[in-house]
Amino acid sequence: DAKTTQPTSMDCAEGRAANLPCNHSTISGNEYVYWYRQIHSQGPQYIIHGLKNNETNEMASLIITEDRKSSTLILPHATLRDTAVYYCIVKGKLIFGQGTELSVKP
Amino acid sequence: DTGVSQNPRHKITKRGQNVTFRCDPISEHNRLYWYRQTLGQGPEFLTYFQNEAQLEKSRLLSDRFSAERPKGSFSTLEIQRTEQGDSAMYLCASSSYRDEETQYFGPGTRLLVL
């Protein structure tokens with residue numbers, strides 16, 4: 001399974017877009033990129049996934065580079081409730097790394 | 001259906017005791033997963049079932065751990081002779097045959113071994 005690399009932490013101002021990067025340079029051609037988040041003391045929550053095209057749903061947008069070696073999760077208008085740890089995972093057995101701790105500040 | 005449920009939500013036990021946790025997946029989800037999460041770390045895969053068959057077990061799942069899903073619906077995770085190192089959050093997730101890789105997690109069972 002491909003490994004992912006994410007920044008340990010990020011801050012974002014409330015109402016602004018939060019852009020969370022992820023590197024997955026060893027991704028295989030048929031492996032999807034998944035994003036989950038975990039709010040403190042809760043179970044992880046599915047956000048979005050994609051293979052090679054950009055994806056958007058009611059929660060977020062996922063931008064995958066053409067070579068598929070990296071991706072960015074975009075929360076277009078971050079709110080305080082989006083404060084959480086965000087995990088980027090390449091399809092497999094959902095091998096979670098340490099994720100990015102996003103703090104949305106007023 | 002309100003999602004994946006887990007019971008109990010919290011468990012405190014003494015070292016050496018056995019504990020059992022239960023997970024009720026979203027109905028009609030055929031895959032069920034167990035993870036363990038310690039403080040400051042991401043969840044670690046333990047095992048998963050497709051219907052009642054246990055298809056994979058992580059090497060993290062020592063001989064003291066056993067999981068079952070006898071009728072392909074709810075699952076139990078038992079830890080025998082608990083050790084202090086077993087203290088963690090135990091998470092359950094389920095997924096549908098339509099989209100097996102998108103997992104829906106329960107709230108977890110937090111175990112503290114004294």
Side-chain angles (χ1 to χ4, degrees), chain A residues 1-9 20 22-24 27-52 55-60 62 64 71 73 83-103, chain B residues 2-10 21-26 29 31-50 54-61 67 77 88-96 98-112:
Chain A
D1 294 322
K3 184 179 174 179
T4 62
T5 306
Q6 299 176 253
T8 304
S9 63
L20 293 96
C22 178
N23 287 324
H24 31 80
I27 192 170
S28 300
N30 61 349
E31 290 181 320
Y32 283 77
V33 179
Y34 280 77
W35 283 83
Y36 285 75
R37 74 179 182 185
Q38 189 171 24
I39 295 169
H40 182 62
S41 295
Q42 297 183 20
Q45 177 190 23
Y46 165 79
I47 302 173
I48 198 167
H49 73 281
L51 184 61
K52 46 186 166 182
E55 302 287 345
T56 295
N57 64 19
E58 64 278 4
M59 289 183 71
L62 175 60
I64 303 174
S71 60
L73 179 76
T83 292
V85 178
Y86 286 77
Y87 296 100
C88 166
I89 301 155
V90 173
K91 185 267 182 190
K93 292 179 290 293
L94 288 199
I95 299 174
F96 291 81
Q98 292 195 307
T100 296
E101 187 163 3
L102 176 68
S103 296
Chain B
T2 55
V4 178
S5 63
Q6 293 186 246
N7 288 289
R9 294 291 310 278
H10 300 90
F21 310 139
R22 176 177 169 130
C23 170
D24 287 89
I26 294 171
H29 277 192
R31 280 199 181 181
L32 187 148
Y33 307 78
W34 284 100
Y35 294 82
R36 180 177 71 184
Q37 185 173 27
T38 53
L39 274 176
Q41 303 296 316
E44 297 171 292
F45 169 80
L46 292 178
T47 188
Y48 89 94
F49 293 83
Q50 181 157 300
Q54 188 172 16
L55 295 188
E56 190 168 350
K57 292 195 286 189
S58 160
R59 54 194 170 157
L60 291 175
L61 213 66
L77 177 68
M89 173 80 87
Y90 290 84
L91 292 159
C92 174
S94 69
S95 65
S96 165
R98 292 189 199 90
D99 184 5
E100 290 184 329
E101 303 304 331
T102 300
Q103 298 183 20
Y104 296 87
F105 284 79
T109 294
R110 187 170 293 284
L111 172 67
L112 177 60

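Chain identifiers are assigned alphabetically (A, B, ...) following the order of the sequence lines, protein sequences preceding nucleic acid strands; residue numbering begins at 1 within each chain.
Atoms CG and CZ, on Leu91(B) and Phe96(A) in that order, are 8.5 Å from each other to the nearest 0.5 Å.
With a 4.5 angstrom heavy-atom cutoff, Pro43(B) touches chain A via backbone and side-chain atoms both. Using a 4.5 Å cut-off between heavy atoms, Glu101(A) does not touch chain B at all. Only the side chain of Gln37(B) comes within contact range of chain A, with heavy atoms under 4.5 Å apart.
Atom CG of Leu39(B) sits in a sparse spot, with 12 or fewer heavy atoms from other residues, nucleotides or ligands closer than 6.0 Å.
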